[in-house]
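Here the structure is a predicted model, which means the values were calculated and not measured.
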Amino acid sequence: MPKFIVYYVKFVDYISTALGRMTMYTVFVMIGVLLLGAITRNILNMPLSWTVEMAQFIITGYYIVGGAYSIQMGDNVRMDLIYDRYSEKTKAKIDVWTNVFMVFYLVTLLIGSISSTMYAIEYGQRKFSEWNPSMIPIKLIMVFGIFLMLLQAISTFFKDLATSKGITIS
């Protein structure tokens with residue numbers, strides 16, 4: 001494999017790992033927000049209208065930004081009925097083709113998320129609720145996370161391509 005591909009794979013894997021591991025801790029932030037909402041509603045009798053929506057935004061960021069790390073670790077869903085019986089090289093050849101479809105899907109998602117974000121910025125989109133938060137931050141996180149997943153999918157494509165040729169990129 002050319003050096004620039006090896007550098008690309010190592011760089012994207014490093015970024016995915018670092019951001020994925022940091023993102024894992026946002027679950028605790030979400031739990032804290034939900035706990036705050038439960039305490040203020042049930043003990044202090046002073047319900048906060050924003051806690052459930054904030055928890056939804058946090059968990060959305062969690063799975064969108066953590067998606068690249070999930071792809072890198074191979075934790076994505078696949079049908080293992082026949083797949084497990086193949087050799088590593090054959091699995092890599094199959095994965096090369098499935099990665100092409102994943103990249104196409106992620107490009108489509110990225111285009112849609114950019115369009116949605118531009119709409120939110122242009123019209124000042126807000127969520128219709130009592131709290132009425134701006135949708136711009138979560139839309140920006142969505143674009144960022146999908147972009148990271150696209151970069152990681154391309155990295156995975158290169159790793160699978162190398163494996164199918166008997167080369168290892170680590």
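Grouping the Ile, Leu, Val, Met, Phe, Trp and Tyr side chains by contacts below 4.5 angstrom, directly or via other members, places Tyr83 apart from Met73. A continuous path of Ile, Leu, Val, Met, Phe, Trp and Tyr side chains, each step under 4.5 Å between heavy atoms, connects Tyr105 with Phe147, placing both in one hydrophobic cluster. Cluster annotation: Val143 is connected to Val107 through the hydrophobic network of ILVMFWY side chains, with a link wherever side-chain heavy atoms come within less than 4.5 Å. Linking Ile, Leu, Val, Met, Phe, Trp and Tyr whenever their side-chain heavy atoms come within less than 4.5 Å leaves Ile138 and Val52 in two separate clusters. Taken together through direct or relayed side-chain contacts under 4.5 Å among Ile, Leu, Val, Met, Phe, Trp and Tyr, Trp97 and Tyr86 form parts of separate hydrophobic clusters.
Listed for the Ser115 side chain is no donor-acceptor partner under 3.5 Å among the backbone atoms of Ile111. Listed for the Tyr8 side chain is a donor-acceptor partner under 3.5 Å among the backbone atoms of Leu151. Thr26 contributes no side-chain N or O that, together with a main-chain N or O of Val29, makes up a donor-acceptor pair within less than 3.5 Å.
Residue Phe128 holds its CZ atom at 10.5 Å from CZ of Arg126, rounded to the nearest 0.5 Å. Rounded to the nearest 0.5 Å, atoms CG (Asp13) and OH (Tyr69) are 11.0 Å apart. Atom CG in Asn99 sits 10.0 Å away from atom CD in Gln152 (nearest 0.5 Å).
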Please walk me through it: do Ser16 and Gln72 pass side chain to side chain donor-acceptor pair (under 3.5 Å)?
CA-CA 7 Å; Ser16 293; Gln72 179 192 11; 4.6 Å; no
Residue pair Phe144, Leu140: steps toward the side chain to side chain contact (heavy atoms under 4.5 Å, CB included) verdict
CA-CA 6 Å; Phe144 178 69; Leu140 289 171; over 6 Å; no
List the steps and the verdict of side chain to side chain contact (heavy atoms under 4.5 Å, CB included) for Val33 and Trp50.
CA-CA 9 Å; Val33 168; Trp50 56 268; 4.1 Å; yes
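Minimum interatomic distance between Gly61 and Ile141 (heavy atoms only, all atoms of both residues): CA-CG2, 3.9 Å. Across Thr40 and Gly37, no two heavy atoms sit closer than the pair OG1-O, 3.2 Å. Minimum interatomic distance between Phe57 and Pro133 (heavy atoms only, all atoms of both residues): CE1-CG, 3.7 Å. Across all non-hydrogen atoms, the minimal contact from Leu34 to Thr51 is CD2-O, 4.4 Å. Between Met142 and Ser113, the closest heavy-atom pair is CE-CB, 3.6 Å.
For Asp95 and Thr156, the side-chain atoms include no donor-acceptor pair closer than 3.5 Å. For the residue pair Thr163/Glu88, the side-chain donor-acceptor check at 3.5 Å is not satisfied.
In summary, the aromatic rings of Tyr119 and Tyr123 are positioned with their centroids under 6.0 Å apart.
Residues Asp84 and Lys91 meet the side-chain proximity criterion, which asks for heavy atoms closer than 4.5 Å.
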